[in-house]
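In this chain, residues are counted from 1 in sequence order.
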Amino acid sequence: MPAAHIERIAPRIGGGRRQSERNMRMLAAEEPLEIRVGGEPVAVTMRTPGSDFELAAGFCLTEGLVAEPGAIEGIRYCAGTDPETGLQT
């Protein structure tokens with residue numbers, strides 16, 4: 001599973017203006033998650049990695065794609081990774 005936090009160099013902003021100090025900071029990671037039902041894309045949402053299955057199940061339930069949680073037969077990550085982009089396909 002991807003990390004929920006990443007380290008990046010980020011400027012410090014204080015008093016409404018950017019200061020010259022640049023430090024490594026821990027930032028929340030955000031990545032897209034494509035939700036598919038029956039192999040067909042339904043939605044893409046941005047999320048902090050983690051709890052992806054719960055997010056997908058909740059999305060399907062609240063959007064009316066399933067009537068109840070028990071109607072979900074299974075949830076899985078995609079089968080492969082694109083060798084050029086490193087993205088799951």
Side-chain angles (χ1 to χ4, degrees):
M1 175 176 19
H5 296 89
I6 56 175
E7 285 191 58
R8 294 285 189 263
I9 295 176
R12 179 180 297 268
I13 298 176
R17 57 187 187 153
R18 185 178 287 212
Q19 299 173 4
S20 61
E21 179 183 341
R22 295 175 68 87
N23 295 339
M24 290 295 284
R25 304 210 190 282
M26 292 295 284
L27 305 172
E30 187 175 57
E31 296 180 354
L33 175 69
E34 182 177 65
I35 298 172
R36 299 178 186 181
V37 175
E40 295 296 318
V42 174
V44 175
T45 183
M46 296 301 288
R47 90 306 187 206
T48 298
S51 303
D52 294 342
F53 293 175
E54 292 85 352
L55 174 62
F59 178 88
C60 290
L61 185 62
T62 59
E63 291 299 314
L65 300 174
V66 295
E68 59 186 36
I72 298 173
E73 294 180 8
I75 300 176
R76 66 176 175 81
Y77 285 108
C78 297
T81 301
D82 184 314
E84 293 195 21
T85 64
L87 299 175
Q88 290 185 346
T89 58

Leu65 side chain reached by Val42 side chain, heavy atoms, under 4.5 Å: yes
Spacing of Glu73 atom CD and Ile75 atom CD1 [to the nearest 0.5 Å]: 11.5 Å
Is there a side-chain contact between Pro69 and Leu61, using heavy atoms and a 4.5 Å cut-off? yes
Output for pair (Glu40 CD, Ile35 CD1), nearest 0.5 Å, gives 14.5 Å
Main-chain N/O of Leu55 paired with Arg47 side-chain donor or acceptor, under 3.5 Å: no
Shared hydrophobic cluster for Tyr77 and Ile72 (ILVMFWY, side-chain gaps under 4.5 Å): yes
Determine the minimum heavy-atom distance between Pro41 and Glu34, stating which atoms define it. CB-OE2, 3.6 Å
If every non-hydrogen atom of Val66 is compared with every non-hydrogen atom of Ala71, which pair is closest and at what distance? CB-CB, 4.1 Å
From CD (Glu31) to OG1 (Thr45), nearest 0.5 Å: 12.5 Å
Which heavy atom of Ala29 sits nearest a heavy atom of Pro49, and at what distance? O-CD, 3.6 Å
